[in-house]
Asker: 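Below is a structure I'd like to ask you about.
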Amino acid sequence: MRFKLSTVILSLAVASSIVAAPAPSPNASELEKRGWLGHKITEWFLEAKKSFNCGACVTGLVTVKNVAWLKKSWALDGLNGLCPLIKMDADVRTCHYIWQPHIPKSKPTNAVIPTPSGTLVDVLHLSDWHVDGHYNTGSEALCNKALCCRKYANSPSNATRAASSWGDYNCDAPPKLATNMLDYVPSVANISFGIMTGDIPPHDAWLETPEKIIPQLKVAFDAMAIVKAKIYPAIGNHEASPVNMFPTPKSGGDIGWLYNTLADDWTRWLTSDAVKSFKNYGSYTLNPAPGLRIVSLNTNFCYTANFYLYGHTNEYDPHGEVQWLIRQLQAAEDIGERVWALVTFLRLRSTASTTGRPSTVKSLPFSLTYGPGGKSAQNAISTAWIDPSVTPYTDLNPAFRVYKVDTKSCNVFDSLTYIADLEKSASWDATGSSPNWHLEYATRNAYPQWAPIAADQPLSSGWWHNVTNVLEANPAAFKHFWSLRSHSANRLPECTQANGCVADIVCDLRASMRSEICSSVVVPIKKRDDDHRHDAATAASADMSLNPTASVITGIQSLSEWRPNAKLWNKKLC
């Protein structure tokens, strides 16, 4: 698919004027930085125009978007410098649109907080499957390719670090690791139902075609049937071919092959209405239990790297999905249901190329959404639970999570993360043993010494805010958190108050919207091929203790909270 360079620049200029915060008057240092960025933007786009090279184009697109999030004036100045080169109308490039969704009803006045039943059930959360069917035991794990642990034509005969049969920190998961994990799950949990929040194919996006992806999806979801419980999935960006590309009816393009394939794979778990909805929107809603509604939302429509968006910059609600979501939330609110939202993009961050650090969403355990009045325990209204990945790529121990959920309030009372210590994989091969799956931590036991919580209280958004206060002020607590962040792989660089990393991470934990994410600190974390996206998936807990109306959505406030805060939508959705 090709786009005119002028169309792309117009799209970025419009997005810059809409979503970025107003920039203050620059000082001399800022003017110097602005000039340098303008020069680099011109350089990158001229290279893209000259060569039509994919890498040059992506670099230019992502960089301008990142700059726009930091300071819109810098991005606009850089784009202004390009306009004479492509003869672009100056009056067009800074147009500004406002869009607000339609909320059908006013906020209810008789909403009540559900009383917990005291009965807890186990809910399984899987994410980032990324199982590599071409994983090759004994191959080079430290290769110079985008994805290692494969046999390439020029692979060395003697590997610097030979890939074990169970996986490597620099590679996607071998099939036997994922199967072994699923075999282990029933030994530690009696699963009521599960959620799977996206990304099935391996990280070889340049090779993935529909013909390759379709059997990968079937193999993966057939394997998940081992759990003997219904699994409710969400669609990930890696499921598409080309990767990230999710067209809308307005943009043109066909992705029906993917929706139909997934709908067929998921028929074993979904209702007929959910299957029908998914084939249309890539989203669905259903009730896994009385009083609880799951909304699986295709947030790939709003992904920065979905280039279909750039041809239609005034399509603020791609495919009408936000209005579809509002209808589901309104329906839930009308009958007093709680809502869990399954999404594959919580906060659409693209700061890796400008800050030198990958998306912190990958391994943050949670993210908070706040109502009016500032960021405090009292104003925290929902928690987004960000699941660990099955794949160890990169520098993570493979993991899965089990939530302890109250059957009436649908609140999470505990979150148990299980891992295998992949550093021992060579010894598992040598001794003929299997991965040492074990409980890494139970959340109720991980932080109470610093942030106490009563036994009869859920892991509420207010409590999580108190945890962020502790992480901000207590080096011992943050060190503990930092280890859990990589699921005890302990391969991340140091993060301290002194290097500014702690403040940055805490800020990100409190950032439910992309524009709130901090990006001032350079943290030298190893780069992945998809660092510019979240790459982990999210389930929102239905914590309504501070906002007792019916619906919560990950990364977006509840339907009731949208009403007094409709100005949040005076910006381009994506």
Side-chain angles (χ1 to χ4, degrees), residues 124-133 147 172-173 178 194-210 212-221 223-224 231-247 255 257-266 269-270 278 281-284 294-306 308 318-319 321 341-350 358-359 361-363 384-391 393 396 398-401 528-540 554-555 574:
L124 174 67
H125 191 176
L126 303 173
S127 184
D128 286 69
W129 184 256
H130 290 304
V131 169
D132 186 3
L147 186 61
D172 272 333
I195 53 180
M196 166 61 199
T197 39
D199 277 9
I200 298 300
H203 284 92
D204 59 352
W206 63 96
L207 294 176
E208 295 296 340
T209 64
K212 292 182 179 180
I213 291 173
I214 288 172
Q216 292 171 352
L217 298 175
K218 178 174 173 50
V219 169
F221 292 114
M224 293 177 204
I231 306 292
Y232 303 115
I235 188 172
N237 70 316
H238 275 262
E239 273 82 286
S241 176
V243 68
N244 311 323
M245 298 296 105
F246 284 79
I255 199 168
W257 67 269
L258 177 57
Y259 295 161
N260 290 329
T261 296
L262 288 174
D264 290 342
D265 288 335
W266 298 349
W269 299 315
L270 305 189
F278 186 82
Y281 284 98
S283 303
Y284 66 86
I294 278 182
V295 177
S296 178
L297 194 65
N298 184 2
T299 49
N300 295 287
F301 286 135
C302 300
Y303 178 29
T304 306
N306 181 7
Y308 277 107
H319 207 352
E321 191 174 39
L342 312 184
V343 305
T344 55
F345 291 94
L346 170 60
R347 303 169 304 197
L348 306 181
R349 180 176 188 174
S350 297
S359 168
V361 177
K362 169 60 195 170
S363 46
W385 294 86
I386 302 174
D387 193 54
S389 62
V390 174
T391 182
Y393 182 73
L396 304 169
F400 68 92
R401 184 171 291 153
R528 302 169 52 131
D529 77 315
D530 57 354
D531 280 343
H532 55 272
R533 74 173 206 86
H534 105 105
D535 200 52
T538 309
T554 301
C574 303

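No hydrogens, no waters, no symmetry mates; every other heavy atom, side chains included, goes into these values.
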Asker: Determine the interplanar angle of the W266 and F221 rings, folded into 0 to 90°, and report it as parallel if under 30°, tilted if 30 to 60°, perpendicular if over 60°.
Answerer: perpendicular

Asker: Testing the 3.5 Å rule here: is there a donor-acceptor pair between the side chains of N237 and N300?
Answerer: no

Asker: For P247 and F301, which heavy atoms make the closest approach, and how far apart are they?
Answerer: O-CE2, 3.5 Å

Asker: Is the distance between the ring centroids of F246 and Y308 under 6.0 Å?
Answerer: no

Asker: Atom OH of Y232 and atom OG of S296: how far apart are they, to the nearest 0.5 Å?
Answerer: 12.0 Å

Asker: Is the distance from the ring center of H203 to that of Y393 below 6.0 Å?
Answerer: yes

Asker: Any side-chain heavy atom of P233 sitting closer than 4.5 Å to one from W269?
Answerer: yes

Asker: Before we go on, tell me: are the rings of H319 and Y281 under 6.0 Å apart, centre to centre?
Answerer: yes

Asker: Would you say that V131 contacts D172 through its side chain, given a criterion of any heavy-atom pair below 4.5 Å between the two side chains?
Answerer: no

Asker: Is there a side-chain contact between L124 and F400 in this structure, where contact means two heavy atoms from C-beta onward sitting under 4.5 Å apart?
Answerer: yes

Asker: State, yes or no, whether a side-chain contact exists between E208 and Q216 at a heavy-atom distance under 4.5 Å.
Answerer: yes

Asker: Give me the atom names and distance for the closest heavy-atom approach of A220 to I200.
Answerer: CB-CG2, 3.5 Å

Asker: Please determine, by modelled atom types, if S389 and H130 share a side-chain donor-acceptor pair under 3.5 angstrom.
Answerer: no

Asker: State whether the side chain of R401 and the backbone N or O of I386 hold a donor-acceptor pair below 3.5 Å, judged by distance alone.
Answerer: yes

Asker: So, using salt bridge (charged side-chain N to carboxylate O under 4.0 Å, His left out) as the criterion, who are the partners of K212 when residues are at least two apart?
Answerer: none

Asker: Do the side chains of Y259 and I235 get nearer than 4.5 Å, heavy atoms only?
Answerer: yes

Asker: Verify side chain to side chain contact (heavy atoms under 4.5 Å, CB included) between L297 and L342, making sure each step is shown before the conclusion.
Answerer: CA-CA 6 Å; L297 194 65; L342 312 184; over 6 Å; no

Asker: Specify the closest pair of heavy atoms between I213 and S241, including all atoms of both residues, with the distance to one decimal.
Answerer: CD1-CB, 3.7 Å

Asker: Do E321 side-chain atoms and N298 backbone N/O form a donor-acceptor pair below 3.5 Å?
Answerer: yes

Asker: Under 4.5 Å between any side-chain heavy atoms of L217 and E239, yes or no?
Answerer: yes

Asker: Taking the side chain as every heavy atom from C-beta outward, state whether W257 and L262 have any atom pair closer than 4.5 Å.
Answerer: no

Asker: Please check this pair: side chain of T197 against backbone of V343, looking for a donor-acceptor N/O pair closer than 3.5 Å.
Answerer: no

Asker: Are any of the side-chain heavy atoms of L126 and I195 separated by less than 4.5 Å?
Answerer: no

